[in-house]
Amino acid sequence: FVAMRGRLSFPLTGRSEVLTGCGDAGLWLKASRDAVVRAVHAGRVVFAGQAATGTTVVVDHGEGYYSVYGNLGRVETKKGDALAERASVGWVLSDGARRSELYFELRYGNRVLDAASWLGL
């Protein structure tokens, strides 16, 4: 995972835009309606459910590294599933009244990493 710093797969399909950081190095990414959310690297789902960022999936990439995908409208995976790089995690929340946005975060243990630099942005 560490060797992929700056070269991780982008977590969304289609057109997207980085809105702003969240002060804790997480990113809000504006997506096209019903965009598919993809795993940025191979790993295992360790959480799929409700969290502070709405419907959320957390993927363990090994060696203490995790990716967090929040504000999902639909989840396509469950706890314990093995995911390949670019495998579908779910879809961005699109309810018509709000913009379609994904909350994306990378963690090393409990520490939030600068997601933009890991994605090569």
So, does Thr13 use its side chain to make a donor-acceptor pair with the main chain of Val36 at under 3.5 Å? yes
Any chance the side chains of [X] and [Y] put a donor and an acceptor closer than 3.5 Å?
X	Y	value
Ser9	Glu85	yes
Arg5	Ser117	yes
Glu101	Tyr103	no
Ser67	His41	no
Thr55	Gln50	yes

To the nearest 0.5 Å, what is the distance between CD (Glu76) and OG (Ser88)? 5.0 Å
From CG (Leu106) to CZ (Arg111), nearest 0.5 Å: 11.5 Å
Under the side chain to side chain contact (heavy atoms under 4.5 Å, CB included) criterion, do Glu63 and Tyr108 qualify, and how do the steps go? CA-CA 8 Å; Glu63 300 177 359; Tyr108 178 67; 5.7 Å; no
Applying side-chain hydrogen bond (donor to acceptor under 3.5 Å, both in side chains) to Asp81 and not counting sequence neighbours gives Thr77, Lys78
For Trp118, the ring pair (Phe, Tyr, Trp, His ring centres under 6.0 Å) test, sequence neighbours excluded, returns Phe1, Tyr65
Given the rule that I, L, V, M, F, W and Y join up when any side-chain heavy atoms are under 4.5 Å apart, are Val112 and Val68 in one cluster? no
So, do Phe104 and Leu119 sit near enough that their side-chain heavy atoms are less than 4.5 Å apart? yes
State, yes or no, whether a side-chain contact exists between Leu29 and Leu102 at a heavy-atom distance under 4.5 Å. yes
Let me see the working for Val59 and Tyr66 under side chain to side chain contact (heavy atoms under 4.5 Å, CB included), right down to the final yes or no. CA-CA 5 Å; Val59 178; Tyr66 300 87; over 6 Å; no
Full working for side chain to side chain contact (heavy atoms under 4.5 Å, CB included) between Glu105 and Leu27: CA-CA 6 Å; Glu105 182 179 280; Leu27 296 174; over 6 Å; no
